Amino acid sequence: TICPYNDETTCEADPQCDWDASKPDCVERPCNRPTEDECEADVQGCEWIAATSTCVETPCKHTVQADCASDKLCEWDDCAGVAGGGACQKKSCDPTVFTDEVSCTKDTRCQWVSGVTGFTCAQEPCAIHSGERCCNAEGDCHWDISVSPAQCSVKYCAKMNGDQPKCDSDSQCVYENMKCVEKECGKLAECECRKDTDCFWNGDKSFCTPFQYGQCPTLDLVLLIDGSGSMSQSFGRHPHGFDAMMEMLRDWVTTLPLSGEKGSVGVNSQANTGKVRVGIVQFSGQNARGADPGRADAQATPAGVGSSGSLTGDLVELNSDIDWQEDNYYGGGTMISKGLNDVAEMFHASPNDGRQRVLIIITDG
């Protein structure tokens with residue numbers, strides 16, 4: 001046994017052990033895991049603290065808002081839960097708890113700043129968002145999984161807002177409308193595009209695209225995404241797998257050479273553009289049980305929202321489609337049949353004019 005001690009003093013002296021007075025017995029300390037992967041996989045609810053390379057119990061696991069509010073270490077965040085349901089989160093940068101610079105800046109979400117009455121502990125920009133969804137909805141913020149626990153941080157280029165010379169000197173960024181933003185190949189003219197090794201100039205069609213898409217044909221692409229309940233589980237440093245997938249899609253579609261064709265105004269295919277239209281269908285349902293054959297569900301965006309459930313090459317429509325799918329997460333079983341049928345209908349509703357047709361299925365199995 002890991003904790004073979006018979007008395008409290010000896011037990012508590014071992015960092016792997018805790019004394020359980022209710023038994024009484026010496027038991028293994030919760031979340032006693034040596035690696036990040038083992039820590040994140042622990043069903044007790046653990047989180048990995050990268051700064052100290054330790055696994056600790058996840059604080060603030062209250063599911064009732066009143067219980068959360070009564071815990072002095074916690075606060076209720078209306079934006080942290082699925083579809084705005086709310087969740088209990090650990091307080092960050094509380095100046096009554098962190099009263100000196102060392103304790104304040106141990107938390108990467110905090111900064112030691114000068115105030116009216118002297119220095120105090122305050123949140124970094126974007127750290128106010130403890131939930132991934134609200135974080136990513138803020139233009140200058142992103143959910144940062146390079147740290148553990150993951151947190152809402154200022155985007156790389158946005159840190160140079162107000163400093164155009166510094167922004168212009170960074171190859172990853174461009175200065176637009178008084179802000180420093182991530183470079184997009186699609187906005188570059190021919191000369192700038194040819195100079196940039198991350199971009200490719202399509203001479204036949206006269207547009208700039210990220211290098212990895214330089215040889216892509218004119219394409220219709222449908223994403224069939226898994227909306228089953230298991231997708232709500234944590235995914236690495238993302239607290240909610242489905243939200244993590246949708247944020248990945250938001251980032252990815254900004255890099256695609258979209259055709260600009262709107263799905264919401266009906267089919268108006270422009271053949272041989274060398275660019276892409278995208279559609280999204282979410283599948284779920286009720287799994288079969290005994291004599292019950294189950295039920296398959298699927299959904300594209302309804303009429304009047306985004307692309308109205310069509311293929312689109314318009315980024316604004318596509319982001320609306322992603323937002324709607326995220327807000328209307330099924331959370332049911334894994335039944336793909338209706339989703340496949342809906343994908344086929346989406347393809348056939350639009351003439352392909354020689355376009356390549358590709359289906360990508362994203363699922364946890």
Side-chain angles (χ1 to χ4, degrees), residues 213 216-232 235 241-288 293-365:
Y213 303 126
C216 287
T218 305
L219 193 66
D220 279 345
L221 172 66
V222 177
L223 303 166
L224 182 57
I225 58 176
D226 186 349
S228 64
S230 59
M231 290 292 289
S232 67
F235 178 72
F242 189 82
D243 287 350
M245 174 177 63
M246 302 312 288
E247 187 53 36
M248 177 274 294
L249 293 181
R250 278 193 191 90
D251 289 341
W252 180 59
V253 297
T254 62
T255 71
L256 292 175
L258 296 171
S259 69
E261 301 164 82
K262 289 181 178 289
S264 60
V265 295
V267 176
N268 184 26
S269 177
Q270 301 169 17
N272 196 28
T273 63
K275 296 188 177 184
V276 182
R277 295 185 302 184
V278 179
I280 303 175
V281 176
Q282 180 184 168
F283 71 90
S284 185
Q286 178 61 54
N287 293 335
R295 183 192 71 256
D297 293 321
Q299 59 185 9
T301 45
V305 177
S307 69
S308 297
S310 303
L311 289 158
T312 180
D314 181 79
L315 183 59
V316 173
E317 287 189 349
L318 197 47
N319 278 325
S320 293
D321 289 353
I322 292 171
D323 290 343
W324 187 88
Q325 292 287 1
E326 188 171 21
D327 289 337
N328 291 275
Y329 165 56
Y330 271 123
T334 308
M335 300 286 280
I336 198 172
S337 58
K338 187 175 187 301
L340 292 169
N341 289 335
D342 286 5
V343 168
E345 290 179 6
M346 184 177 287
F347 277 135
H348 292 305
S350 177
N352 69 351
D353 297 322
R355 293 170 183 259
Q356 300 276 349
R357 286 172 169 171
V358 174
L359 165 63
I360 297 176
I361 301 174
I362 306 176
T363 177
D364 64 350

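Everything quoted here is computed from the prediction, not taken from an experiment. Worth knowing before you read on, the calculation uses all heavy atoms, side chains too, and leaves out hydrogens, waters and symmetry mates.
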* Structure fact -> All heavy atoms of Gly304 vs all of Ser308, minimum pair found to be N-OG, 3.1 Å
* Just do the side-chain contact (heavy atoms from CB on, under 4.5 Å) check on Met346 and Leu311 with the steps written out, would you? => CA-CA 7 Å; Met346 184 177 287; Leu311 289 158; 4.0 Å; yes
* pair Leu318-Leu249: side-chain heavy atoms closer than 4.5 Å -> no
* Go through Ser230 and Ser228 one step at a time and tell me if the side-chain hydrogen bond (donor to acceptor under 3.5 Å, both in side chains) criterion holds. => CA-CA 6 Å; Ser230 59; Ser228 64; 3.3 Å; yes
* Would you check if Ile362 and Leu224 make a side-chain contact, meaning some heavy-atom pair closer than 4.5 Å? => no
* Distance only, no hydrogens: is a donor on one side chain within 3.5 Å (strictly under) of an acceptor on the other, for Glu317 and Thr312? -> yes
* Given the rule in the side-chain contact (heavy atoms from CB on, under 4.5 Å) test, do Phe242 and Gln282 qualify, once you have shown the distances and angles that lead to the verdict? -> CA-CA 11 Å; Phe242 189 82; Gln282 180 184 168; 3.9 Å; yes
* **Heavy-atom side-chain contact between Thr334 and Asp226 under 4.5 Å** => yes
* Determine whether Arg277 and Leu219 make a side-chain contact, defined as any pair of heavy atoms from C-beta on separated by less than 4.5 Å. => no
* Structure fact -> Interatomic distance, CD@Glu345 vs CG@Leu340, rounded to 0.5 Å, equals 11.5 Å
* Hey, are the side chains of Val278 and Leu258 touching, using non-hydrogen atoms and a 4.5 Å cut-off? -> yes
* Heavy-atom pair of closest approach, residues Phe283 and Gly339 -> CB-CA, 4.2 Å
* Where do Met231 and Asp364 come nearest, in terms of heavy atoms and distance? -> SD-CG, 3.6 Å
* Asked: Is the backbone N or O of Asn328 less than 3.5 Å from a side-chain atom of Gln299, with the two atoms forming a donor-acceptor pair by type?
  -> yes
* Asked: What's the spacing between Tyr329 OH and Asp243 CG if we round to 0.5 Å?
  -> 9.0 Å
* **Distance in Å, Leu315 CG paired with Ser320 OG, rounded so as to fall on 0.5 Å steps** => 9.5 Å
* Gap between atom CG of Leu256 and atom CG of Leu221 - 0.5 Å precision -> 7.0 Å
* Asked: Can you list the residues that meet the salt bridge (charged side-chain N to carboxylate O under 4.0 Å, His left out) rule with Asp314, with sequence neighbours excluded?
  -> Lys262
* Asked: Partners of Pro217 by side-chain contact (heavy atoms from CB on, under 4.5 Å), sequence neighbours excluded?
  -> Gln356
* Decide yes or no for Asp220 and Val358: does some side-chain heavy atom of the first lie under 4.5 Å from some side-chain heavy atom of the second? => no
* Would you find a donor on one side and an acceptor on the other, under 3.5 Å apart, between the side chain of Ser307 and the backbone of Gly263? -> no
* From Arg295 CZ over to Asp297 CG, what is the distance, rounded to the nearest 0.5 angstrom? -> 4.0 Å
* **Side-chain heavy atoms of Gln325 within contact of Tyr330, under 4.5 Å** => no
* Is any NZ, NE, NH1 or NH2 atom of the basic residue among Glu326 and Arg250 found under 4.0 Å from an Asp or Glu carboxylate oxygen of the other? -> yes
* **4.5 Å side-chain heavy-atom contact, Leu223 and Trp252** => yes
* Structure fact -> In terms of heavy-atom contacts, Ala298 and Val281 come closest through CB-CG1, 4.1 Å
* So, Tyr213 versus Thr255: side-chain donor-acceptor pair below 3.5 Å or not? -> yes
* Asked: If you measure only the distance, is there a donor-acceptor pair under 3.5 Å linking the side chains of Thr301 and Asp321?
  -> yes
* Check whether any side-chain N or O of Ser284 sits under 3.5 Å from a backbone N or O of Gly333 as a donor-acceptor pair, and report yes or no. => yes
* **Inter-residue atom distance Met245.CE - Ile322.CD1, 0.5 Å rounding** => 10.0 Å
